[in-house]
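Notes for the one structure printed next.
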Amino acid sequence: MKFERMFSPGKIGNMAVKNRLIVPPMLTEYAAEDGKLTERYIRYYEEKAKGGWGLIICEDNSVDPHGGGFKNVAGLWDDAFMAMHEELTDRVHKYGAKIAVQVYHAGRESDSSITGVKPVAPSAIPDPTERETPHELTINEIKVLTEEFAQAIYRAKNAGYDAAELHGAHGYLINQFVSPFSNKRTDEYGGNIMNRLRFPLEIITRSQELAGDDFPIIYRISADEMVEGGLTIEDTKVIAQMLEEAGIAALHVSAGVYKSGAIVSAPSAAKTAPFSDYALQIRKLLKIPVFTVDKIVYPYVAESLLKEGKADFIAMGRASIADPELPNKVREGRMEEILPCIGCWQGCQGKIAEQEPVSCLVNPRTGKENTHTVIKTDEKKKIMVIGGGPAGMEAAIVAAKRGHDVTIYDKADRLGGQWLLAAVPPGKEMLNSFTVWQKGELARNGVRIELNCEVTPALVDLEHPDEIIYAAGATPVVPPIPGADGYNVCTANDILSGKRDLTGDAVVIGGGLVGAETAEHIAVHNHMVTIVEMLPEIAAEMPDAPKVFLMESLERNKVAMYTNTKVLKITEKGVTVETADGTKDIPAGMVVMAIGSRPNKSLADALSEKYRVTIVGDADKVGKALDGIMNAYDTALAI
Ligand code: SF4
């Protein structure tokens, strides 16, 4: 595919953009708690400018000291912040990218534990996810906020931003005014669509007075809020036309609010480009450019959306986190080098949900651009990496890039380890794209690969490495339940690897992530499945959005789920469990163990008597792939 559309220049108002690729605003939590930008924040955006993106829209900057919905939200409410904003825009402009800033106020999608004050909103109705009843804004307070938005946009212009984006989506304050879901007022800011739109229209008018009507204002909108009583695409079509008449320069079409938030940053199980049809419908009515966003990972999809006329610009958020250099790699035909976002949610949205700075499972350098650069070593070492799962491969890639002599060993006939099994359940196929990238990087960086090779102390003595990185993963645990050694019992790994046929109805013992996804895999292959979990929750460790998709799939596929339930015994006919209501027999042809795993450390312990051994990934501590890969990356950087 030629990427002609993608690399054709575009215009947003009077702002010329060198290509059609946009980094949309995504909170990073790299700003300081007082709203100031940090070097980490600037460096993160600078990296994207260097990578070839046409327009970078920086994350939500609050217009008011109490306007943030998170702890470390950047601010544009104070002239004291200007120097760092100027530094940011200067550094981004050096690479020919344009830079905009999103201005926002969280309104009722915040709470007093974050801001120290009661949240505000058009009406005193709590957000269903935040639950704190907000203060209903008076007319005078609305006027103050209008001025704050306009002043923030004026500061943005003075700081060298090429445009500003008003965050009118995702249930934040502006969206709260526009939507009947959250606005129940009966004064001039409520009731009909003209009144509900008054707040953003007054912001736009006042901003144009201050910054000039040639300073481009982009408006981000939720085309469909996907909540009962909320805005639908038909409402949004009208709103879009009114905003265009008011003089906005472009419309950035997203969807959803906090209550419907699983789709806002769609996980791997969601369909590709889920909001592009909304963008198309709106684009047909407007003359200004329209952006589409969400789960657009592959450049081929971006080009196809542009060709089809679904949007004028393509916003690729998480794809830009996974690989800030994506545009340059596409332009230079280095497609296989693009590090793909796998929709896992572990590092980006998952961290934000925990109020922590963003990181990325596939790109451990995210947010550490200053400190985690791979620098060539002066002291070349011979390194054995034992275990070819994602952590082992990551360590091998980084060590080889640093100039070490690296060989990776795995006892299996292919690289990938248990990651390959994690990619088997429905909606998890994107995980394989990371394996393909890692294998490519091993080859591109000259790592020797020894498969079907069980490493022994004798082999290590023969090779006599300077360092060993031990990444042998973990082994599934089989608990001492009576009957666990029966012919009808297997592990989740046996099922996902295809070692065991699917025969009859199944009981999956263990409802963590692996158990729940294995149950889904079995269910979509037309077997009845029951999950038995001792804890009160299924897939408790899973990030929000992927979990919403998984739970919907389990329900759709009629998977029975028992929580707070203990397995007493396994028989040829199934399992006997103890629930809060007493014991119960669940018939099953196959019983699948998904209780967890334990690290494979024994060889590492033996080798560490003679060699310098660093254990990484699950072999060190069974946990999230994000942490294992990060740990492997850091280890290889330090050697
Ligand atoms: Fe994509 Fe996962 Fe990285 Fe987020 S953490 S950008 S979902 S690969």
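In listed order, ligands and their atoms are each counted from 1.
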Check your understanding: Does Arg91 have any side chain to side chain contact (heavy atoms under 4.5 Å, CB included) partners at least two apart in sequence or in another chain, and if so, which?
Key -> Glu39, Ile42, Arg43, Glu46, Glu87, Lys94
Check your understanding: Residues in side chain to side chain contact (heavy atoms under 4.5 Å, CB included) with Glu441, at least two apart?
Key -> Ile397, Lys401, Trp437, Arg444, Asn445
**Study point:** Intermediate values then yes/no, side chain to side chain donor-acceptor pair (under 3.5 Å), Ser62 and His105
**Key:** CA-CA 6 Å; Ser62 181; His105 190 299; 5.9 Å; no
Review point. Taking the six-membered ring of Phe549, is NZ or CZ of Lys547 closer than 6.0 Å to its centre and within 45° of its axis?
Key: no
**Study point:** ring pair (Phe, Tyr, Trp, His ring centres under 6.0 Å) partners of Tyr278, counting only residues at least two apart
**Key:** none
Exercise for review: Could you check His167 against Asn175 for side chain to side chain donor-acceptor pair (under 3.5 Å), going step by step and ending with a plain yes or no?
Suggested key: CA-CA 8 Å; His167 200 339; Asn175 190 174; over 6 Å; no
Practice item. Using a cut-off of 2.8 Å, find all protein N, O or S atoms closer to atom 4 (Fe) of ligand 1 than that distance. Key: Cys348 SG
